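This report refers to the structure that appears directly beneath it.
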Amino acid sequence: MSVILGMISLAALVTVVFLAYQNGGEAAVKFGVTGVLATVFAVTGAVLGVITACNKSYYKLFPVLGTILNFIALGGVSLILYAGVNL
């Protein structure tokens with residue numbers, strides 16, 4: 001589940017940034033809502049990934065991969081917010 005949530009949040013963020021770029025940098029409200037939902041998905045996926053990675057009865061590949069994907073998505077949201085504040 002962590003990998004799926006990470007892929008969804010990354011795909012949503014890439015789509016929102018691409019569509020905002022096509023609109024000349026103007027982001028509609030729906031892009032912001034999508035960003036918030038991607039953040040919620042990324043936080044949920046990161047928590048699930050960390051909890052599952054700590055459990056010794058599961059394979060480590062997918063929990064670690066999901067955790068990495070979700071932290072990349074959270075980093076992307078952080079960069080978007082940082083750029084929005086400083087520009």
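This structure is a prediction, so every number in the text was calculated from the model and none was measured. The first residue of the sequence shown is numbered 1, and numbering continues consecutively from there.
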- Message: Membership question, hydrophobic clusters at under 4.5 Å side-chain separation (ILVMFWY): are Val85 and Leu79 in the same one?
- Response: no

- Query: With Val3, which residues qualify under side chain to side chain contact (heavy atoms under 4.5 Å, CB included), at least two apart?
  - Reply: Met7, Phe62, Leu65, Leu69

- Heavy atoms from other residues, nucleotides or ligands near CD of Glu26 exceed 12 (cutoff 6.0 Å): no

- Message: Could you measure the distance from the CZ atom of Phe41 to the CD1 atom of Ile4? Nearest 0.5 Å is fine.
- Response: 12.0 Å

- CG of Leu10 to CG of Leu5: how many Å apart, nearest 0.5 Å? 11.0 Å

- Item | For Leu37, the rest of its hydrophobic cluster, which grows through side-chain links under 4.5 angstrom | Val29, Val33

- Task: Any side-chain hydrogen bond (donor to acceptor under 3.5 Å, both in side chains) involving residues 56-79? Give me the pairs, sequence neighbours left out, ordered by first then second residue.
- Result: Ser2-Asn70, Asn55-Ser57

- Message: Distance check, rounded to the nearest 0.5 Å: Leu81 atom CG versus Asn86 atom CG?
- Response: 11.0 Å

- Apart from Tyr21 itself, which Ile, Leu, Val, Met, Phe, Trp or Tyr residues share its cluster (side-chain heavy atoms under 4.5 Å, direct or through members)? none

- Of the non-hydrogen atoms in Ala53 and Pro63, which two are nearest, and what is the gap between them? N-CB, 3.7 Å

- Linking Ile, Leu, Val, Met, Phe, Trp and Tyr by side-chain heavy atoms under 4.5 Å, what else ends up with Val50? none

- Task: Go through the structure and list residues passing side chain to side chain contact (heavy atoms under 4.5 Å, CB included) with Ile80, not counting sequence neighbours.
- Result: Leu13, Val17

- Donor-acceptor contact below 3.5 Å, side chain Ser9 vs main chain Gly6: yes

